[in-house]
Amino acid sequence: MGYVAVKGGTIAIEESIKRLKYERIQQGQAIEVEKIQAGMRGLIDQVMSESSLYNEGLAALAIKQAEGNPEEAVFLLRAFRSTVPRKHYSRVIESGEMHVERRISASFKDIPGGQILGATTDYTHRLLDFSLLKETDKIVQEWLHHYHNEGAGGETGPQVLPKVVDYLRQEGLIPPCENNDSEPDDVTRESLEFPSSRSQRLQILTRGETGAVTSLAYAVIRGYGALHPTVGELRVGTLPVSIDHPAGQGNNDEDAFYIGEVKVTEVEMLMPVTVEKEYGKKELEFEIGYGLCFGQNETKAIAMGILDNCLEHPNNEFPSHNEEFVLFHIDSVESTGFISHLKMPHYVTFQSKLDSVRKTKKEEKQEVTTG
Amino acid sequence: MNTAYNFAFFDEGSKREIRRATLKAIAIPGYQVPFASREMPIGRGWGTGGLQLTLSLIGRNDVLKVIDQGSDESVNAVNIKKLVCDTTGVETTEHTEEATLIQSRHRIPEVPLRKGQILVLQVPLPEPLRYYEPSESQTKKLHAEKEYSGAWLMLFEQIMKYGSMTTGADHPVLVNGRYVMAPSPIPRYDNPKMQQNDALILLGAGREKKVYAVPPYTKVVSLDFDDYHFQPESFEGKHCRLCGSTGVFLDELVDEAANKTVYQCNDTSYCLEKLNEVEKVGVN
């Protein structure tokens, strides 16, 4: 009988996976995916946005499997995304068609259509609400009943509102711009090359890890950047998505299919810039930084708007204005993957380095003895 | 076999796209071809580039071997093998000779590869010039212009500082007289194996979204100087404590009982084959 390979690795992995399952359910309670979907809107929105996959049900499942760890949930959804063939591209969506649920402007008090606070934590006191310890399905349903009786929470009809930016444009405070109707690049089908296109930048920013995008934008406004932005308009609402008839000719409105709606946060940031006119005359104008992401992710959308504008103005003084620095380092799956890979064995590479270190030590000794 | 997913995990369109990038890589030895790297069910940085190559190439008749740092049984090798088997149902082996497709991290097997085999290497950092130039658009230009003085200077500086080249694994090579290439973090000991190899060597970097290749019978030379030669790791006077092999890459271990340093073949399947040969001879 010959020698056989030790099967240590296989058994160890199987036991480790079993242990992981045990940790997830050890308290003897199974959390229903429906409950996650019903009550963890913030996490679901964040996970959908970072995964760039819009599906609340799958996001809830990923969150359950990942024991609520967003890094892991995003990883699961991205991997799933790789197995889904790309059958259609949606038709162009005009974000002006958004059914607005919340919309504010930090630049103007009286905006056409008014400010709509909607649902926000901005003005809650962050005091732990101990009554939630005893909240039950029954209490929740009674509250809902009263809420509906008050006439609130119902459909108030589609709220399609004019944009603040359009108003500024009419006033001549923002230079007019043409629609850019060129086909956008798709960063999931073709890898990023530099200099990047704006469509590539916006895609990578919107898929970016919430914390990473926020940190870099924070650095910009704190001093490591050249921007002083204001929120021109922030909207949360739903956008209708439709696709062309697969067998149809061209993009005919009548043949298009409505396939559903996505909830998004859209932000237009205003950045004052100095522009030089004729005869060296200087004028102040506003520029736009654009942020849009799945779900209600307001901090991320604002941060994205800031970084979008930064990358429109490359500046080697600040890493936040360097497209390679920003775009290569904000993806959750990539950054967490490479950091965590350091846990893998590096025995061979380390042995190799050891050899070099010993060699230099030996030469040092020789020099000392001969010198 | 997990039938919830397509054969080899990806949809067919994705596989074709990766193969197209691979063909381009083979046509331009050592050149890093960008590709639309997919997110995989294993971590980015844990061999997703290699895995994507393997999955795009594997067919029902392939025999797969996966090694990680020389070992078939390393947890990550087991994990990758499990995923490929789960979604393809192909046969696996530990014998280098039997495999048609070998995915490896940080080693080229000791048993010489043969014509028709494909070796897929997992690459963490595909850019050999990244050490001194952080910008991707700059390194792309440097490659286009064959401007490699930085790579030579890097080695020169090491000699000035330390008296010898101090690259560990991933010592840069010149492929086909044209592109400087990161051979992936294989030990320097494995670099010469790339030269005029009978097999096709593919290198995949998932996180960095690059594929590159060393086609069979390609000239691959480790960068060095006329007066300071490229030096593989030295295991002079050392042998494997199990099979007695010399002239292989050895792991350094500490024998706790005797409190001394001992050595053992890093390529575990090679070591096993040697041991079994010895046993057979003994029986006769």
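What you see is a predicted model, and the numbers here were worked out from it, not measured in a lab. Numbered from 1 within each chain, the chains take letters A, B, ... in sequence-line order.
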With a 4.5 angstrom heavy-atom cut-off, is it the side chain or the backbone of [X] that approaches chain A, or both, or neither?
X: Ser71(B); result: neither
X: Asn76(B); result: side chain
X: Lys140(B); result: side chain
X: Tyr5(B); result: side chain
X: Phe249(B); result: side chain
X: Leu250(B); result: backbone
X: Glu17(B); result: side chain
X: Ile159(B); result: neither
X: Asn79(B); result: both
X: Thr166(B); result: both
X: Thr268(B); result: neither

Between [Y] and [X], does any NZ, NE, NH1 or NH2 come within less than 4.0 Å of an OD or OE carboxylate oxygen?
X: Lys193(B); Y: Asp190(B); answer: yes
X: Asp308(A); Y: Arg198(A); answer: yes
X: Arg24(A); Y: Glu67(A); answer: no

Would you mind telling me which of [options] has the largest number of heavy-atom pairs within less than 4.5 Å of chain A?
options: Glu273(B), Glu252(B), Gln158(B); answer: Glu252(B)
options: Phe35(B), Phe235(B), Phe10(B), Tyr189(B); answer: Phe35(B)
options: Glu12(B), Arg207(B), Arg38(B), Lys209(B); answer: Arg207(B)
options: Gly13(B), Ser234(B), Ala77(B); answer: Ser234(B)
options: Ser37(B), Pro41(B), Gly47(B); answer: Pro41(B)
options: Cys271(B), Ser269(B), Ser135(B); answer: Ser135(B)

Answer yes or no: does atom CZ of Phe194(A) have more than 12 heavy-atom neighbours from other residues, nucleotides or ligands under 6.0 Å?
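Above 12, so yes.
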If I measure from the heavy atoms of chain B, does [X] come under 4.5 Å with its side chain, its backbone, both, or neither?
X: Val187(A); result: neither
X: Arg81(A); result: neither
X: Thr188(A); result: backbone
X: Leu76(A); result: neither
X: Ile17(A); result: side chain

For [Y], does its backbone N or O pair with a side-chain atom of [X] as donor and acceptor, under 3.5 Å?
X: Asp185(A); Y: Ser199(A); result: no
X: Gln32(B); Y: Lys210(B); result: no
X: Arg201(A); Y: Glu323(A); result: no
X: Asn266(B); Y: Gln69(B); result: yes

Tyr89(A) six-ring centre to Arg86(A) NZ/CZ under 6.0 Å and within 45° of normal:
yes
When heavy-atom pairs shorter than 4.5 Å are enumerated against chain B, which of Phe75(A), Phe328(A), Phe80(A) gives the highest number?
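Going by pairs under 4.5 Å, I would pick Phe75(A).
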State, without any angle test, whether His329(A) and Glu334(A) hold a side-chain donor-acceptor pair at a distance under 3.5 Å.
no
Tell me, do Arg130(B) and Glu136(B) make a side-chain contact under 4.5 Å, heavy atoms counted?
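SC-SC contact between Arg130(B) and Glu136(B) confirmed.
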Residue pair [X] / [Y]: nearest heavy atoms and the distance that separates them:
X: Thr96(B); Y: Lys65(B); answer: OG1-CE, 3.4 Å
X: Ser191(A); Y: Gln200(A); answer: O-NE2, 4.5 Å
X: Gly208(A); Y: Glu50(A); answer: O-CG, 3.3 Å

